[in-house]
Amino acid sequence: MATILTNAKQLTADQKLEEVMVKIEDGIITDIANQIHITAEDHVEDLEGQLVTAGFVDVHVHLREPGAEKKETIETGTKAAARGGFTTVAAMPNLRPAPDCPETLQSIMARNEESGVVRVLQYAAITKKQLGREIVDMENMQEAFAFTDDGLGIQSAGMMLETMQRAARLGIPVVAHCEDDSLVPGGVMHEGTASERLGLPGINSVSESVHIARDILLAESAGCHYHICHVSTKESVRVIRDAKRAGIRVTAEVTPHHLLLIDEDIKTDDGNFKMNPPLRSDADRQALIEGLLDGTIDMIATDHAPHTAEEKNVSMLDASFGIVGSETAFSLLYTHFVETDIFTLNQLIDWLTIKPSQAFSLPYGRFEIGAAADLAVLDLEAEGEVDPDQFQSKGTNTPFIGWRYKGEPTMTIFGGEIVYRKETVK
């Protein structure tokens, strides 16, 4: 039995929406055409003129299991991803226990496979317990998606160089949260006029960009693929642009919240605005947008980081870093960038699908015959507002509560199976 999607639309290279039907068999797209023969045995889904694209790929999420299930679980985190149109997510290693040895990595990967409603790719830690003291047994952890101590910058240049050299030999990327700890003692938001107004300690921009500059030169020496998490400053964009011009193998991501918000949007001491890296200045935000448009920044990733209400509904001095993002990413980006003609719809979808897949040599993010039937169905006319009561994630920590949007995922198909339908989750 095949599944046939009828009354669908696909996006063409010239920004037009054309009517198509899609046939799915055994988890694979087997036909995309104006007309497809339907048999009595086929299952038919009428998409009522909505857009169908490849399922989104997010290379930066936090699923919290094992170790912090009160914040999120693999099941709730992947259901949140599915609601946002994501069919592939890469889970960070800040878990307890961390995936810092072959046995723990394999155990966590098995849990991801068992509990996830979408595909979960698992990062391994760079150092034991992410303490920055001892590099893990990388050679026996080659099934990892990549190596990272995300949330904790590797402070030793010598350790990072050794990591990159070993990763280069294995053909596995090194992914970094870039932050020089000596430059940001106790900071909770961007260092600027807003932090001064609120009387809160700041995080300066150079703490990020100096680490990126260091690591880019190390990556050039080691010959490894180096990927930079959540770029947030104009100086960082400039350094990455120069590195790409020099032919260094570097890729980078930006989050929706760094594209949509700036530090001046923080009007009160509100823990839901606390994230790392912090919301920066408007000049930084404009540089991030320009970096996406000129290819300096390769992709958009959410950095979905759920926390409990108790951890976020406090002063920024005491709140945990991070916000949720899986369920709001497409709708907010479409509303504020595509509807305003800053990005094209093709660009936005590419940054959420094919670009991350190409950067990490993944066979996903493609809407074509022979590709996996991982699909997002998007109603570009739907209107609504960000409502945490509707979230599938355990986390409701977002500064976007009440924001109006136009356009949203209404169905997500993973491996040919519907894993999210608006108002109903599998």
>> Nearest 0.5 angstrom please: H304 NE2 to M92 CE, how far?
In response: 13.0 Å
> More than 12 non-hydrogen atoms from neighbouring residues, nucleotides or ligands closer than 6.0 Å to NZ on K355, yes or no?
Replying inline: no
> Nearest 0.5 Å, what's the CG-CD1 distance between D100 and I135?
Replying inline: 13.0 Å
> Heavy-atom distance under 4.5 Å between the side chains of T148 and V174, does that happen here?
Replying inline: no
> So does K129 pair up with E134, basic N to acidic O under 4.0 Å?
Replying inline: no
> salt bridge (Lys or Arg N to Asp or Glu O under 4.0 Å) between R366 and D374: does it pass, once the steps are laid out?
Replying inline: CA-CA 8 Å; R366 296 180 293 123; D374 300 343; over 6 Å; no
> Within a radius of less than 6.0 Å around CD of Q15, do more than 12 heavy atoms belonging to other residues, nucleotides or ligands occur?
Replying inline: yes
> If you measure from CG on D269 to CZ on F273, what distance do you get to the nearest 0.5 Å?
Replying inline: 11.5 Å
>> If you define the side chain from C-beta out and look only at heavy atoms, does anything of H227 sit under 4.5 Å from M299?
In response: yes
> What closest approach, in Å, do I28 and A372 show between heavy atoms, and which atom pair accounts for it?
Replying inline: CD1-CA, 4.1 Å
> Do R421 and E45 sit within salt-bridge range, that is, some charged N less than 4.0 Å from a carboxylate O?
Replying inline: yes
>> Testing the 3.5 Å rule here: is there a donor-acceptor pair between the side chains of E75 and S115?
In response: no
> Salt bridge or not for R197 and D263, using N-O below 4.0 Å?
Replying inline: no
>> Applying side-chain contact (heavy atoms from CB on, under 4.5 Å) to L380 and V338, what does each step give before you reach the verdict?
In response: CA-CA 11 Å; L380 301 181; V338 177; over 6 Å; no
>> Which residues pass the salt bridge (charged side-chain N to carboxylate O under 4.0 Å, His left out) test with E162, not counting sequence neighbours?
In response: R166
>> To check you understand the geometry: which heavy-atom pair defines the closest contact between V419 and V118, and what is its length?
In response: CG2-CG1, 4.3 Å
> Which atom names give the shortest non-hydrogen contact between L352 and F330, and what distance separates them?
Replying inline: CD1-CD1, 4.2 Å
> Is there a donor-acceptor contact under 3.5 Å linking the side chains of E311 and T308?
Replying inline: yes
>> Distance alone, cut at 3.5 Å: any donor-acceptor contact between the side chains of T193 and E264?
In response: yes
> Checking side-chain contact (heavy atoms from CB on, under 4.5 Å) for the pair L362/F145: CA distance, chi angles, key distance, verdict?
Replying inline: CA-CA 10 Å; L362 300 172; F145 172 62; 4.0 Å; yes
> Is the closest side-chain heavy-atom distance between L11 and L17 below 4.5 Å?
Replying inline: yes
> Would you call V386 and L332 a side-chain contact if the rule is heavy atoms closer than 4.5 Å?
Replying inline: yes
> When you look at CD of E113, are more than 12 heavy atoms from neighbouring residues, nucleotides or ligands closer to it than 6.0 Å?
Replying inline: no
> Where do F360 and L121 land on the side-chain contact (heavy atoms from CB on, under 4.5 Å) test, with the steps shown first?
Replying inline: CA-CA 11 Å; F360 286 91; L121 309 174; over 6 Å; no
> Sequence neighbours excluded, which residues qualify as side chain to side chain donor-acceptor pair (under 3.5 Å) partners of Y226?
Replying inline: D215
> Looking only at heavy atoms, which two atoms of H258 and V254 are closest? And how far apart?
Replying inline: CB-CG2, 4.3 Å
> So, do L348 and Y334 sit near enough that their side-chain heavy atoms are less than 4.5 Å apart?
Replying inline: yes
> What distance separates L51 CG from I349 CD1, expressed to the nearest 0.5 Å?
Replying inline: 5.0 Å
> Does some side-chain heavy atom of F147 sit less than 4.5 Å from a side-chain heavy atom of V175?
Replying inline: no
> What's the verdict on side-chain hydrogen bond (donor to acceptor under 3.5 Å, both in side chains) for S281 and D284, showing C-alpha distance, side-chain angles and the deciding distance?
Replying inline: CA-CA 5 Å; S281 71; D284 293 309; 2.8 Å; yes
> Quick one: does D298's side chain get under 4.5 Å of P356's, heavy atoms only?
Replying inline: no
>> With a 4.0 Å cut-off on N to O distance, would you call D180 and R214 a salt bridge?
In response: no
> Passes side-chain hydrogen bond (donor to acceptor under 3.5 Å, both in side chains), N204 versus E191? Steps please.
Replying inline: CA-CA 5 Å; N204 59 40; E191 184 178 85; 4.7 Å; no
> Could you go step by step and tell me if V52 and L47 meet the side-chain contact (heavy atoms from CB on, under 4.5 Å) rule?
Replying inline: CA-CA 8 Å; V52 60; L47 300 192; 4.2 Å; yes
> Y405 and E383: side-chain donor and acceptor closer than 3.5 Å?
Replying inline: no
> Between the side chains of D46 and N7, is a donor N or O closer than 3.5 angstrom to an acceptor N or O?
Replying inline: yes
> Rounded to the nearest 0.5 Å, what separation is found between the CD1 atom of I203 and the OG1 atom of T233?
Replying inline: 12.5 Å
> Taking C-beta and beyond as the side chain, do M316 and M189 meet within less than 4.5 Å on heavy atoms?
Replying inline: yes
> Strictly under 6.0 Å, is that where the ring centroids of F400 and H257 end up?
Replying inline: no
> Under the salt bridge (Lys or Arg N to Asp or Glu O under 4.0 Å) criterion, do E69 and K394 qualify, and how do the steps go?
Replying inline: CA-CA 9 Å; E69 287 85 350; K394 284 188 175 184; over 6 Å; no
>> Take a 6.0 Å sphere around NZ of K267 and say whether it holds more than 12 heavy atoms from other residues, nucleotides or ligands.
In response: yes
> Taking all atoms of both residues into account, what is the closest heavy-atom pair of A144 and A124, and its distance?
Replying inline: CB-CB, 3.6 Å
> Taking NZ, NE, NH1 and NH2 as the nitrogens, is one of them in R404 or E385 under 4.0 Å from a carboxylate oxygen of the other?
Replying inline: yes
>> To check you understand the geometry: which heavy-atom pair defines the closest contact between F414 and V117, and what is its length?
In response: CD2-O, 3.4 Å
>> To the nearest 0.5 Å, what is the distance between OG1 on T53 and CD on Q10?
In response: 11.0 Å
> Would you say the side-chain atoms of E327 and S393 include a donor-acceptor pair closer than 3.5 Å?
Replying inline: no
> Regarding T76 and E72, is there a side-chain donor-to-acceptor distance under 3.5 Å anywhere?
Replying inline: yes
Enumerate donor-acceptor pairs with a distance under 3.5 Å from any side-chain N or O in residues 58-68 to protein atoms, sequence neighbours excluded.
unit_1 : atom_1 : unit_2 : atom_2 : d
D58    : OD1    : H60    : N      : 3.1
D58    : OD1    : T302   : N      : 3.2
D58    : OD2    : T302   : OG1    : 2.5
H60    : ND1    : E253   : OE2    : 2.7
H60    : NE2    : H62    : NE2    : 3.4
H60    : NE2    : D150   : OD2    : 3.3
H60    : NE2    : D303   : OD1    : 2.9
H62    : ND1    : N94    : OD1    : 3.0
H62    : ND1    : N94    : ND2    : 3.3
H62    : NE2    : D150   : OD2    : 3.4
H62    : NE2    : D303   : OD1    : 3.0
R64    : NE     : P306   : O      : 3.0
R64    : NH2    : P306   : O      : 3.2
R64    : NH2    : H307   : NE2    : 3.4
E65    : OE1    : I74    : N      : 2.9
E65    : OE2    : R111   : NH2    : 2.9

>> Could you tell me if D270 and T268 have a donor-acceptor pair between their side chains, going purely by distance under 3.5 Å?
In response: no
